[in-house]
Protein chains: 4
Amino acid sequence: MSSAAADDATLLDPDLAARNARKEQRRRQLLDAAARVMEREGSQAVSMQAVAAEAGVSVGLIYRYFGSKDELLLAVIVNVLEDFAVAVPAAIDAAGDDPVERLAAAFRGYCEVIDRHRHATVLTYRESKSLDEAGRERIKELEVETSRPLSRLLRDGIEAGVFRPVEPETVAYNLLLVAHAWALKHWYFERTYSFDDYVRAQLSLALHGLVQPKHRRRYARFLQE
Amino acid sequence: MSSAAADDATLLDPDLAARNARKEQRRRQLLDAAARVMEREGSQAVSMQAVAAEAGVSVGLIYRYFGSKDELLLAVIVNVLEDFAVAVPAAIDAAGDDPVERLAAAFRGYCEVIDRHRHATVLTYRESKSLDEAGRERIKELEVETSRPLSRLLRDGIEAGVFRPVEPETVAYNLLLVAHAWALKHWYFERTYSFDDYVRAQLSLALHGLVQPKHRRRYARFLQE
Amino acid sequence: MSSAAADDATLLDPDLAARNARKEQRRRQLLDAAARVMEREGSQAVSMQAVAAEAGVSVGLIYRYFGSKDELLLAVIVNVLEDFAVAVPAAIDAAGDDPVERLAAAFRGYCEVIDRHRHATVLTYRESKSLDEAGRERIKELEVETSRPLSRLLRDGIEAGVFRPVEPETVAYNLLLVAHAWALKHWYFERTYSFDDYVRAQLSLALHGLVQPKHRRRYARFLQE
Amino acid sequence: MSSAAADDATLLDPDLAARNARKEQRRRQLLDAAARVMEREGSQAVSMQAVAAEAGVSVGLIYRYFGSKDELLLAVIVNVLEDFAVAVPAAIDAAGDDPVERLAAAFRGYCEVIDRHRHATVLTYRESKSLDEAGRERIKELEVETSRPLSRLLRDGIEAGVFRPVEPETVAYNLLLVAHAWALKHWYFERTYSFDDYVRAQLSLALHGLVQPKHRRRYARFLQE
DNA sequence: TATGAATGAGACTTCATTCAT
DNA sequence: TATGAATGAAGTCTCATTCAT
């Protein structure tokens, strides 16, 4: 594995380790700066100049860490998608064995990640001019990947007889969409909901369409609006 | 009203009427050209010169009908939103009196408009750099406006006892979102669904969460996946 | 032929003709400006900004006439090579029937073109970073094309028994090289020679290696140093 | 002489000698790296970072040995010209006493050096932006210096009555040019000639223009094509 | 002596907008 | 009303050079 190889090299050469650490830190600094610019100026005005200024470095430096603007933007997005890959499974594991509890935890996990990266999420919805075909494909792939845990949970719940026999992929994608909406339509939903309320309300709506009548009573606490 | 004023002027001066008609026709020609360019090149690459070329006119001319690129883009979006304002009520009216039928017709209406203007819809999700605060507010307002018929239908259905007592605005916005998703995530859903299947499947999912148990049997045809 | 087609269109639409004329004039203006910048700053410093400034136009305008810096530089070179294609055959035709006279006229013709475009000639010897593979191939092709009249004359002279049986292509390329040298090594040769002297001296050297002994007397006027 | 001064210091301080040796070695390493980069990427793309990478050292180090990019490029060229200064006299000395043999050996010597440094030769023909007036003068001077042995041989041959009474400097420069052409127009001549054939053919052409008729027989082996 | 991260000027290119015709 | 040539600001990216370590 490459990480093992890296460890080897790192063990052999502490200098290299330090350098890699600094490099990673810079990457993160630049990613954060890019996110902050998006936050401030709207996700379209992310000029390299602006990112450099925000990070307090020179333009040239960015190009030591990201080959192009594409790569930087892609990295911002991938960064979010990787957060999903870590946070959602963790939330599911912490939720116990019950299918509904697990689904609820997963959905809440998604929403939390999106809330953390609200502006980067919006970025995903822009077919950036710079973002090339390959980059777009990469993002789509990762997004689908991201929906995987949800569809698995749905399938489990269906098999367990707790959920109606729905198309798991479609419902999973709908849930993703509703989570995204907290970022995309934040200006709308924030009028009515706090973050917690939003999660609860949307979960209730979704579960009402999913949970079999005979199990409704058991999950009442998720089903009240 | 400005339209009344226009009518007055028109009545008094037939020349003016002809001129206005020509003007409107040009506007439409340019809007269509812009939409076609978006369709072809992706919604980010809409340069004024490209629109001019597509419309077969000069760049300068565009500026006689739209004050700026912003205004043109805004008009493209407004154009779609106005299509909703026309098509959705028409669909509802044609659907008879039953709350579920009416909701189904409305949702299908939304989806049809979006399918007609897939690329313009995506445009809505891009906060254009130029699109200024005022423009963005205008779009948000119109979008909310757009959800109004749906929330009214939901409210009606709830009062009639057909739907569960949900938050009508939230559910309406979710439905809108799912309709938008046909454009936004077209690359994903087109793998599984034809347009008709998509509408039917999403409607079934939504109604399963809405229709009261005691009315399920009656609307079985909407509820099978 | 495209020129016939152009004529047709031109005949039908005098406006188009005028526009094309203006366009051609601009092209020429920009080509001249580029050549002048090369003249002044050395052939490496030809920035688009500099060309624009020299031509007294904006940078953007250049891009209406040349797709890229490549294209502009290529056009400068092609311009020279086309001058060869016109001037050299004309010089040959004007020189009568004698093989040596014709060769002398051709060589002088080459040198005159080079003297007219001294700096553009130097440009040919720079593998410009921007000039891409295709452009370089194009230039090489045209350069070979350019040597064609000379090698034909050499072949004629050999067949007529006036020249020794040399490899015509090689000798032609050598002559080309010597003509180029008037530009490339101008700083050296101008110490010793005026343009006329240079041509005469080089011609004499070349003919001494070419003309068969028995014809030496006849061409004495070309052979004295 | 500066070398005498160096020797003095060296005698007094063996450490200094070692240091100088290391210094010279580094210089050579960097020069070679630069040449290799030019070879690989074309003589225009020689960035300092590329040279550093090729040499396996840091960018900063180059600046301890060469004050600027100019200086490095100049050194690459001077390096070639010094190769001439060593190799050509050696070739002449090894050739015996005959004027034609000596000239032939000298010309072959030139060509061999050029063949060894084909890309650096091309570099000479590019007035580098950075290469300043002083540097350019230096190169011109060295180039003229380089032609000196040839013109001396020509003068000798003329005095000995073997060559026609030509202008030795001009003919020497022409020979230099033809040798350079092996690099400059390699793409052309390599179609027809191997290196050996090229040297032989060009030498034959040149000698045909030089050797007095009465000596032709004696040098027949140089004069056949 | 050596490193290589960091700088920043400058190059190319695009495109919204203007204006003379 | 219509044209389209012209503008120039702004954006992306490169690379010679410096400097703290």
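Residue numbers start from 1 in every chain, and the chains themselves are labelled A, B, ... in the order their sequence lines are given, proteins ahead of strands. Small disclaimer: the values here were computed from a predicted structure and weren't measured.
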So, taking the atom named CZ in D/R64 and the one named OG in D/S58, what distance separates them when rounded to the nearest 0.5 Å? 10.0 Å
Can you tell me if the side-chain N/O atoms of C/Y63 get under 4.0 Å from OP1 or OP2 in E/dC15? no
Round to the nearest Å and state the distance from B/D70 atom CG to E/dC15 atom P. 16 Å
Quick one: B/Y65 OH to F/dT3 P, roughly how many Å, whole number? 9 Å
How do B/G60 and A/L61 order along DNA chain E: which one's closest nucleotide is nearer the 5' end? A/L61
Flag side-chain contact, heavy atom, 4.5 Å: B/M48 against B/L72: yes
So, is A/R19 close to the E/dG4 phosphate, meaning a side-chain N or O under 4.0 Å from OP1 or OP2? yes
Nearest-Å distance for atom pair CD/C1', residues D/Q49 and F/dT14: 9 Å
Applying a 4.0 Å non-hydrogen cut-off, can you work out what D/R26 is touching in the nucleic acid: base, sugar-phosphate, or nothing? sugar-phosphate
Using a 4.0 Å heavy-atom cut-off across all strands, classify C/V59 as base, sugar-phosphate, or nothing. base
Closer than 3.5 angstrom, by distance alone: can the side chain of A/Q29 be matched with the main-chain N or O of A/A55 as a donor-acceptor pair? yes
Between atom CZ in D/F66 and atom P in F/dT17, what is the gap in whole Å? 13 Å
Pairing partner of E/dA20, by Watson-Crick or G-U wobble and under 3.5 Å for both distances, is F/dT3
Just so I know, are the side chains of A/R36 and A/V51 near enough to count as touching, which here means a heavy-atom distance under 4.5 Å? no
With both distances under 3.5 Å as the test, what is the Watson-Crick or G-U wobble partner of F/dA10? E/dT13
Measure NZ/D/K69 against C1'/F/dT14 and give the value in whole Å, please. 11 Å
Whether over 12 other heavy atoms sit under 6.0 Å from D/R40 CZ: yes
Please report, rounded to the nearest Å, how far the P atom of E/dA2 is from the CD1 atom of D/I62. 12 Å
Quickly work out the D/Q25 CD to E/dA2 C1' distance and round it to whole Å. 16 Å
Mapping A/K23 and B/S68 to their closest nucleotides on DNA chain E, which lands nearer the 5' end? A/K23
When you check the phosphate oxygens OP1 and OP2 of F/dG4, does a side-chain N or O of B/S58 lie under 4.0 Å from one of them? no
Rounded distance (Å) that lies between atom C1' of E/dC15 and atom CE of B/M48: 10 Å
